[in-house]
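Each remark here refers to the structure printed beneath this line.
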Amino acid sequence: MASVEAVNEGVAIHGSINKQAQKILTPEATAFLALLHRSFNATRKNLLQRRAIRQAELDKGVLPDFLPETKHIRENDAWKGAPPAPGLVDRRIEITGPTDRKMVVNALNSNVWTYMADFEDSSAPTWDNMINGQINLYDAIRKQVDFKQGEKEYKLRTDRILPTLIARARGWHLDEKHFTVDGEPISGSLFDFGLYFFHNAQELVNRGTGPYFYLPKMESHLEARLWNDVFNLAQDYIGMRRGTIRGTVLIETITAAFEMDEIIYELRDHSSGLNCGRWDYIFSVIKKFRQNPNFVLPDRSAVTMTVPFMDAYVRLLIKTCHRRGVHAMGGMAAQIPIKDNKEANDAAMNNVRQDKLREVRAGHDGTWVAHPVLASIAAEVFNKHMPTPNQLFNRREDVHVTANDLLNMNMPGKITEEGIRKNLNIGLGYMEGWLRGIGCVPINYLMEDAATAEVSRSQLWQWCRHGVKTAEGKTVDKAYAQRLLKEQTDELASKAPKGNKYHLAAQYFSSQITGEDYADFLTSLLYNEITSVGPAAKL
């Protein structure tokens, strides 16, 4: 192989590198990142172009269907995914959250089975957030993450085995502009995966688990194939047995829902199942069909997991996973305890309990929570109804889901001014936090991340684009949307601390809610506001 120095020719780091960052951005690690970029970036860009071509077809009214060219994969009962890896046999409760040091310690101390450490939707990808997150996970894996903040000490517990760690890299669409190779920014996916894998893969295996990942935002099995190629190269590069890596794919786009079998098939030696990314899935349905008046949805609160298209998606995911011998993970409970209102808190916690009961009865093998308090509620439900480590034996052969089922938008519900204002508040609240470098924001006792902000933005765009009438009889148009946006912005800004970024958020949001311009992702739209690209540092 070429020397590290030779591979690093053409690599430039445009973010600050302190002593801690040097522990992560070693010459050997940056050479590995450069190798990943040079090997896979052209394919990644081609796949992103395929997304644009697919969107143009959808805009013309072409609806997705199961692929005729992969029918032989779907109909072949013989192939399976990989057997569950060490630490992933029982994953009934998974806590998720960003990779700041406090969150890492608190998550690993929670009474959960795994912790999904998130570089994606619950993290704002500032250079410091991404690098510090890598440092924090590096230290946590080696049990040297304890720290003191003021008078409070944060220490990893020693009275039990810690939850299995799973890292979520950014989606294929996001760049990491602070790290360039041959003048091009590296993919955020390859940056997050590469640093975590290079430094921690062998250490994780030595400690009894392995390098495990959540893979977000995929829109086709070809994107899963790219991840599989990345995994194979990475394992070969460090001399690790192929199949040691595991990837759980979030099915959070409507197009991926038609390719679940194929996605598992592409990753099969590395597959650890699929997950119902519910909010991103709703966002994808609106986004992909935003030009089609037949896909206008009511207020977000009416789009529950029991409406036809969501129920079909869940049932198909569980059946597909269990047929292939891999885990079918449930969705997020985003509630935050309401400390000053017992009645409201009891109602919120009961909603969590009912949601988890629906999941375990449907056949899910585990579920997500955003807060440690919710872990005990979810565990109580899953322990009672799933005495086994998982439900892979529950094949759900009673399920028969068609393309029409996945596209069935019939549901009760109205579009209301209250729903419009809630969407504006969530979008503004999330974007304002993101512009300050915060990727998950508590709003009305829910932990909101990029997915829920995307639902809010996309619904507003869709309602304006199609000129829908609210339940109050008002036609949603550009003037109405902008007036409500100004009212909500002024109200939120007046109540927030001085120096808040609500008006900056509103500048960006105003272009996204009128049925005209539509950015591919809010995070892409805002990214330049939180980058700190400087002159290239010497490696």
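Hydrogens, waters and symmetry mates play no part in the numbers below; they use all other heavy atoms, side chains included.
Side-chain contact between H364 and V314 is present, with at least one heavy-atom pair separated by less than 4.5 Å. For the pair H322/D365, a side-chain contact is recorded, criterion being any heavy-atom separation below 4.5 Å from C-beta on. Counting heavy atoms from C-beta on, the side chains of V326 and L392 never come closer than 4.5 Å. M130 has its side chain within reach of S123: a pair of non-hydrogen atoms, C-beta onward, lies under 4.5 Å apart. No side-chain heavy atom of T164 sits less than 4.5 Å from a side-chain heavy atom of Y115. A heavy-atom distance below 4.5 Å is found between the side chains of L424 and I513. Using a 4.5 Å cut-off on side-chain heavy atoms (C-beta onward), L162 and L156 make contact. Between V205 and Q202, some side-chain heavy-atom pair lies under the 4.5 Å cut-off.
Going from atom OG of S284 over to atom CD1 of I251 covers 10.5 Å, rounded to the nearest 0.5 Å. Here CH2 of W461 is found 15.0 Å from CG of N423. Values are rounded to the nearest 0.5 Å. A distance of 8.5 Å separates CD of E94 from NE2 of H327, quoted to the nearest 0.5 Å. In this structure, CZ on R421 lies 14.5 Å from OG on S456, to the nearest 0.5 angstrom. Atom CG of L267 sits about 9.0 Å away from atom CG of L274, to the nearest 0.5 Å. Atom CG of L226 sits about 9.5 Å away from atom OG of S220, to the nearest 0.5 Å.
Side chain of N350 to backbone of D346: no donor-acceptor contact under 3.5 angstrom is found. A side-chain donor-acceptor contact under 3.5 Å links S189 to the backbone of G171. Looking only at distances, a side-chain donor or acceptor of N341 sits under 3.5 Å from a matching main-chain atom of A344. Within the 3.5 Å criterion, the main-chain N or O of I135 finds no donor-acceptor partner in the side chain of Q20. Panel note: side chain N275, backbone G330; a donor-acceptor pair is recorded below 3.5 Å. Between the side chain of D355 and the backbone N or O of N351, no donor-acceptor pair lies under 3.5 Å. Remark: the backbone N or O of C440 is not paired with any side-chain donor or acceptor of E448 at under 3.5 angstrom. Remark: side-chain polar atoms of S458 are paired, donor with acceptor, to backbone N or O of E454 under 3.5 angstrom. Remark: side-chain polar atoms of S376 are not paired, donor with acceptor, to backbone N or O of P372 under 3.5 angstrom. In this structure, the side chain of K319 engages the main chain of V399 through a donor-acceptor pair within 3.5 Å.
At a threshold of 4.0 Å, the pair D159-R157 counts as salt-bridged, since one of the basic side-chain nitrogens sits closer than that to a carboxylate oxygen. Under the 4.0 Å criterion applied to side-chain N and carboxylate O atoms, E203 and K143 are not assigned as salt-bridge partners. Salt-bridge annotation for R225 and D229: absent, with no side-chain N of the basic residue lying under 4.0 Å from a carboxylate O of the acidic one. Note on E359 versus R278: salt bridge recorded, some NZ/NE/NH1/NH2 to OD/OE distance being below 4.0 Å. A salt bridge between R242 and D269 is absent, with no side-chain N of the basic residue lying under 4.0 Å from a carboxylate O of the acidic one. Ionic pairing of R92 and D90 is present here: one or more N-O contacts between side-chain nitrogen and carboxylate oxygen are shorter than 4.0 angstrom. Using a 4.0 Å cut-off between charged nitrogen and carboxylate oxygen, R101 and D139 count as a salt-bridge pair. With respect to the salt-bridge test (charged N to carboxylate O, under 4.0 angstrom), the residues E153 and K148 do not qualify. A salt bridge is absent between R44 and E223: the closest approach of a Lys/Arg side-chain nitrogen to an acidic carboxylate oxygen does not fall below 4.0 angstrom. The existence of a salt bridge linking D280 and K287 is excluded, since no basic side-chain nitrogen approaches an acidic carboxylate oxygen closer than 4.0 Å. At a threshold of 4.0 Å, the pair R436-E432 counts as salt-bridged, since one of the basic side-chain nitrogens sits closer than that to a carboxylate oxygen. Under 4.0 Å is where a charged nitrogen must lie from a carboxylate oxygen, and between R170 and D121 no such pair does.
Aromatic ring pairs are classed by plane angle as parallel below 30°, tilted from 30° to 60° and perpendicular above 60°; the pair F193 and F213 is tilted. Taking the six-membered ring where the residue is Trp, Y214 and W368 present perpendicular rings, their angle passing 60° and hence far from 30°.
Shown here is Q144, whose CD atom has more than 12 heavy atoms of other residues, nucleotides or ligands within 6.0 Å.
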| request: Walk me through it: do Y154 and D146 pass the test side chain to side chain contact (heavy atoms under 4.5 Å, CB included)? | output: CA-CA 5 Å; Y154 292 87; D146 298 357; over 6 Å; no
Given the rule in the side chain to side chain donor-acceptor pair (under 3.5 Å) test, do N228 and E266 qualify, once you have shown the distances and angles that lead to the verdict? CA-CA 7 Å; N228 200 64; E266 293 294 345; over 6 Å; no
- request: Apply the test side chain to side chain donor-acceptor pair (under 3.5 Å) to residues T248 and R91: give CA-CA distance (whole Å), side-chain angles for both, the deciding distance (0.1 Å), then the verdict.
  value: CA-CA 12 Å; T248 305; R91 48 195 294 201; 3.1 Å; yes
task: Would you please test F382 and T367 for side chain to side chain contact (heavy atoms under 4.5 Å, CB included) and show each step?
output: CA-CA 9 Å; F382 268 79; T367 191; 3.7 Å; yes
Show the numbers, then the answer: is there a side chain to side chain contact (heavy atoms under 4.5 Å, CB included) between S272 and Y212? CA-CA 9 Å; S272 51; Y212 305 147; over 6 Å; no
Notebook entry, point to check: Does the side chain to side chain donor-acceptor pair (under 3.5 Å) test come out yes or no for K177 and N528, once each step is laid out?
Noted result: CA-CA 9 Å; K177 291 187 177 179; N528 285 339; 2.5 Å; yes
query = So E529 and K501, salt bridge (Lys or Arg N to Asp or Glu O under 4.0 Å) or not? Walk me through it.
reply = CA-CA 11 Å; E529 288 285 348; K501 298 200 172 186; over 6 Å; no
Could you give me the CA-CA distance, side-chain angles and deciding distance for L25 and I131, then say whether side chain to side chain contact (heavy atoms under 4.5 Å, CB included) is met?
CA-CA 9 Å; L25 294 166; I131 293 300; 3.9 Å; yes
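The minimum heavy-atom distance between V373 and P337, with the atom names listed, is CB-CG, 3.8 Å. Contact detail for A257 and L406: the closest heavy-atom pair is O-CD1, 4.2 Å. Nearest heavy atom pair, residue I95 against residue S110, reads CD1-OG, 3.8 Å. The nearest pair of heavy atoms linking M447 to P442 is SD-N, 3.8 Å. Scanning all heavy atoms of the two residues, the minimum distance from V401 to R315 falls at CG2-NH1, 4.0 Å. When all heavy atoms of A333 and V352 are compared, the pair lying nearest together is CB-CG1, 4.1 Å.
Annotation: cation-pi geometry satisfied between R290 and Y518 (NZ/CZ under 6.0 angstrom from ring centroid, within 45° of ring axis).
Using modelled atom types, one finds no donor on one side chain facing an acceptor on the other under 3.5 Å when comparing K155 with N109. Using modelled atom types and a 3.5 Å distance limit, the side chains of S122 and D118 yield a donor-acceptor pair.
For an aromatic pair to be called close, the ring centres must be under 6.0 Å apart, and W227 with F231 satisfies this. Between H221 and Y265, the distance from one ring center to the other does not fall under 6.0 angstrom.
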